[in-house]
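First comes the structure, then the notes that go with it.
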Amino acid sequence: MQRYSLFSLVRHGLRNHSGWREQWRAATPKSHYDAIVIGGGGHGLGAAFYLARDYGLANIAVLEKGWIGGGNTGRNTTIIRSNYLFDESSSLYDHAVKKWDTLSEELNYNVMYSRRGVMMLAHTVHDEQVFRRHIHANRLNGVDNEWLTPEQAKAYCPPLNIDPGVRYPIIGAALQRRGGTARHDAVAWGYARAADAMGVDIIENCEVTGIDRDRSGRVIGVQTSRGPIRAAKVGVSAAGNSSVVMGMAGLRLPLESFPLQALVSEPVKPVLPCVVMSNTIHAYISQSDKGELVIGAGTDVYTSYTQRGGLHIAQHTLEAICEIFPQFRRMRMLRNWGGIVDVTPDRSPIIAKTSVPGLYVNCGWGTGGFKATPGAAHLLAHTMATDAPHALNAPFTIERFRDGHMIDEAAAAAVAH
Ligand code: FAD
Ligand code: PYC
């Protein structure tokens, strides 16, 4: 067995950085709001921002049980792309990719969106067939995606090892040039500051423990660790915990929660020009602007609510990275952490109004919702404000699992489940 310098896996988690907190008010909850969003991740904060800016709702709160950005928003590997197979999905994800283009300007906060290209490696004939199918489907939908030979892949990403003698040789790759990365915590902070400037109350350390309904079943508010709060509309955007929160309103969702983990190396000078993903050997990697190699793994095999993953999975991921990039073998890994992702049977999200009047849900993004942040936030806001889905999220209902209208994106999820 090969040995790697994975000596200092320090459980880290995102900390509250001094400085940014002063940029928005730490609100105390009022007793009544027109709308509440549960969950202070990028999706929830973004939904509150769009509700205030685009739909004219003034009296809104975001309730976060921990600190903003402390969930998956601050724990993910920030890969942004829209190369999904089905028409419904490529429209949904491309809506978000287009919104990334202008997000820094809209928020007046640099979210460091970098279109550096996302390359998905093919190691088997099956991979190649699947990727070529995605490329054709994407191009029919106006979404860029192209097939590269191993030599073209290496020209785009020089550190790539295209030696045909390794266990899983690279036989080609699909490249979405418009794909890339952004700075995860800046997305949470940018939305928080912009929402706050529009009068949204952002309340941390405020766990929702119950959803209150009147006799007709309509939502009238929530119970929280800081007392009851009334609201006519409640949007749930509590990734990883969606089933628990929706259960408070008596709704069961087809979701399973799994740990998904990532790790970063010591910072080095620019060495990796794009994002590289390999679902077959279970690893994905990019280099942050700070110089760290950002590496992610597959999900754990068992459901769990722990924000850490199996050590063997991190080890396996590093083995895969070292096969694709032998020159990274001697790098030291600095931090390792996990998040909880909630996964639907078809690996596509739910953004919908529910059978409970006044209750809306955005969940099931599984391993892939960071890329969707501006789009999901906008569509949740639209659905809450108008009490009807936008055309883009109309197919992403809860009822599709009952009616059999699955949007199966297991292959495009590109992360081992
Ligand atoms: P979160 O940021 O998790 O926000 C939900 C919030 O709800 C949390 O802050 C939580 O504390 C809060 N909450 C939960 N319960 C309650 C309650 N009862 N009361 C109040 N608040 C509550 N996606 C990609 O597109 N690209 C990637 O490269 C990628 N990599 C990933 C790597 C890892 C290791 C992980 C874990 C995920 C990755 N994802 C990726 C998925 C992505 O991170 C998520 O889909 C996305 O960030 C979800 O955003 P969110 O705002 O919905 O959730
Ligand atoms: O959805 O692109 C993705 C992704 C990469 C790593 C985790 N999710």
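One-based numbering, in listed order, for ligands and for the atoms of each.
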Do any nitrogen or oxygen atoms of [X] lie less than 3.5 angstrom from nitrogen or oxygen atoms of ligand 1?
X	result
Phe370	yes
Thr367	yes
Gly368	yes
Glu64	yes
Ile79	yes
His43	yes
Gly42	yes
Gln261	no
Asn72	yes
Lys65	yes

Is there a side-chain contact between [X] and [Y], using heavy atoms and a 4.5 Å cut-off?
X	Y	value
Leu272	Phe325	yes
Leu63	Thr224	yes
Val275	Arg81	no
Thr317	Gln261	no
Tyr191	Thr373	yes

Using a strict cut-off of less than 4.0 Å between a Lys/Arg side-chain nitrogen and an Asp/Glu carboxylate oxygen, indicate whether Glu146 and Arg177 qualify as a salt bridge.
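Yes, charged N to carboxylate O under 4.0 Å.
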Contact check: Thr77 vs ligand 2, nitrogen or oxygen atoms, below 3.5 angstrom
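Min N/O separation from ligand 2 is not below 3.5 Å for Thr77.
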N or O pair under 3.5 Å between Tyr284 and ligand 2
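By distance alone, the answer is no.
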Compile the donor-acceptor pairs under 3.5 Å between side chains in residues 128-135 and protein atoms, sequence neighbours left out, one pair per line.
from   : atom 1 : to     : atom 2 : distance (Å)
Glu128 : OE2    : Arg132 : NE     : 2.9
Glu128 : OE2    : Arg132 : NH2    : 3.1
His134 : ND1    : Val130 : O      : 2.8

Which of the atoms of ligand 1 are close to [X], meaning less than 4.0 Å from one of its heavy atoms?
X	answer
Val245	18 (N)
Thr73	1 (P), 2 (O), 47 (O), 49 (O), 50 (P), 51 (O)
Ala239	3 (O), 5 (C), 52 (O), 53 (O)
Ala262	34 (C)
Ile38	19 (N), 20 (C)
Arg75	33 (C), 34 (C)

Phe370 and Trp100 aromatic ring geometry - parallel, tilted or perpendicular at 30°/60° bounds:
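Trp100 vs Phe370 ring planes: tilted.
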For the residue pair Tyr360 and Asp387, confirm or rule out a side-chain donor-acceptor distance under 3.5 Å.
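There is such a pair (donor and acceptor under 3.5 Å, judged by atom type) between the side chains of Tyr360 and Asp387.
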Please collect all ring-ring contact (aromatic ring centres under 6.0 Å, His included) contacts where either partner lies in residues 217-258, sequence neighbours excluded, each pair once.
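Every pair satisfying ring-ring contact (aromatic ring centres under 6.0 Å, His included) with a residue in residues 217-258: there are none.
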Could you check [atom] against the protein and tell me its nearest heavy-atom contact, residue, atom and distance included?
atom	result
atom 2 (O) of ligand 2	Arg81 NE, 2.7 Å
atom 18 (N) of ligand 1	Val208 O, 3.1 Å
atom 30 (N) of ligand 1	Thr77 OG1, 2.9 Å

Below 6.0 angstrom between ring centroids: does that apply to Tyr93 and Phe86?
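Ring centroids of Tyr93 and Phe86 are no less than 6.0 Å from each other.
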Ligand 2 atoms in contact with Gly368 (distance to a heavy atom under 4.0 Å):
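It comes down to these atoms of ligand 2: 1 (O).
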Would Gly366 count as a contact residue for ligand 1, given that I'm defining contact as a non-hydrogen atom of the residue lying under 4.0 Å from a ligand atom?
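Right, Gly366 reaches ligand 1.
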Determine whether any heavy atom of Cys206 lies closer than 4.0 Å to an atom of ligand 1.
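It does, in that a heavy atom of Cys206 comes within the 4.0 Å cut-off of ligand 1.
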Result of checking Lys98, Gln176, Lys371 against Ser82 for side chain to side chain donor-acceptor pair (under 3.5 Å):
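Between Ser82 and the candidates, side chain to side chain donor-acceptor pair (under 3.5 Å) is satisfied uniquely by Gln176.
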Nearest non-hydrogen contact with atom 7 (C) of ligand 2 belongs to which option: Thr367, Thr299, Val118?
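Shortest heavy-atom distance from atom 7 (C) of ligand 2: Thr367.
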Identify which of Gly44, Ser237, Pro259 has a heavy atom lying nearest to atom 5 (C) of ligand 1.
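Selected option, by shortest heavy-atom distance: Ser237.
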Determine, stepwise, if the pair Leu359 / Arg213 fulfils side-chain contact (heavy atoms from CB on, under 4.5 Å).
CA-CA 10 Å; Leu359 184 66; Arg213 300 163 68 180; over 6 Å; no
